[in-house]
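This report refers to the structure that appears directly beneath it.
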Amino acid sequence: MKAIMGLEIHVHLLTDSKFFCRCPTDYENKEPNENTCPICCGFPGSKPKANKKVIDCTIMVAKALNCKINPQMFFSRKSYFYPDMPKNFQITQYEIPLATKGYLEITNKKIGITRVHMEEDPAKLFHIGGDILSAKYILADYNRAGIPLIEIVTDPDFRTTKEVREFLTKISSILEHLEVYDSSKEAALRVDANVSLEGGERVEIKNITGFKNVEKGLNYEMVRQESVRRMGMEVQRETRHFNAETRTTASLRKKEFEEDYGYIFEPDLTRIEISDKWLKEIDKKMPELPDQRIERLVKDYGVTRYQARVVVYTDKALADFFEECCKIYKKPVDIIKWIVTDLLKSLNWNKVTIRKSKVKPKTFIELLKLIDTGKITARLGKEVIKDYVVTGKSPKEIVEKKGLTLIDEDKLIKSVKEVIKKNSQAVEDYKKGKKKAMEYLIGQVLRKIKARADPNKIRRLIEKLV
Ligand SMILES: [Zn+2]
């Protein structure tokens, strides 16, 4: 059965203060409810004032997603009764969003963007003694209430979860390049995913963090809907919750329709004109976007498109790191080869991003130079990189401390001779033309000298000495 999927993506914008008051947005390591004031707590009589930076950021995102930007902007109140919003409404945009009708290209396909709008985040709730369905009581922290969010709503254009994953990776990279979002912050990007099977009702999975979880949630939901239909029943239109531990979804509530929320225009905020002058100013601020950057890396540095995509889409900071390295060592092809293989592997293994790691361009280049000048072999370089990523110590120091420099010629010849003597059968096989025997002999020498010589040099020595 054909699946139809669409996304609503909520992104925390990187601003210093909240959307409608001057409370700081940085709530990490803060006491609960420390960053609050009468406005973000919604006390009667308090008056919100829109933060221009939020609108600027949202216009940039809308432009990057090829949207049409409406010349006039309004805010609306979305009424609902839930403890995460004490004033019983959320300031959002409903009737006229900031931008509409955009698109983003993924492999062989355009995904339509229905709308991009701004809203305030509600408080964070802590479910005590259970999860959202079973908690005994709830604690609310309003530090997050009033933090600006943008919501990006797609058309239902996705047919596979692979397309969803590619789209999310791309959106995240665009937001990073626009410098409007910090991907390392907890819950900086949250997704509501809609899915239906052709001819069936649509189910919304609410509030998923992590791209892998979005994929898992959708996959589970497709299987569940298919089995419901196989049993001759109908899929209910509803909102479901994704449990990351069990990788399953559970019913939260029957889906409300947007009209159920009783939207009204927000009377405390005036209409805002988005003039051509304003849009032109934003144009000047638009940075290079990921796809443009990939093309430039290919053209300027001679790297492959695959390598360029890996550094750009893994993390903007990784692409920045690559370009920093190229400034101090003019060997881009070698640099990127080490980044996309061993460096990335080691970072992933240690579950650390380049920005949070101790890896720096200067010391990373030091390692490449050790290999290029023949001080250590590439094989040992792979070992050094593992230590280097964890400790951040100078690769030169690591090599010296571990005694990894190449052994001298006499010692190498002696070791080769010993291996030849000990492995007469392999030597015979090699002479009979068995290529594998040579590889075996080289391997034995490398083991004996702890890889402190170039394998090609060992090969030549063996050829000479047998
Ligand atoms: Zn406030």
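None of the values given here were measured: they were computed from a predicted structure. In listed order, ligands and their atoms are each counted from 1.
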Looking at [X] and [Y], does any basic side-chain N land under 4.0 Å from a carboxylate oxygen?
| X | Y | value |
| --- | --- | --- |
| Glu176 | Arg355 | yes |
| Lys30 | Asp26 | no |
| Asp291 | Lys170 | yes |
| Glu273 | Arg271 | yes |
| Arg230 | Glu226 | yes |

Protein N/O/S atoms closer than 2.8 Å to the Zn ion (ligand 1) number 4

With no hydrogens and no angle check, is any side-chain donor or acceptor of Glu120 less than 3.5 Å from a backbone partner on Gln90?
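Flag not set: sc Glu120 to bb Gln90 has no pair under 3.5 Å.
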
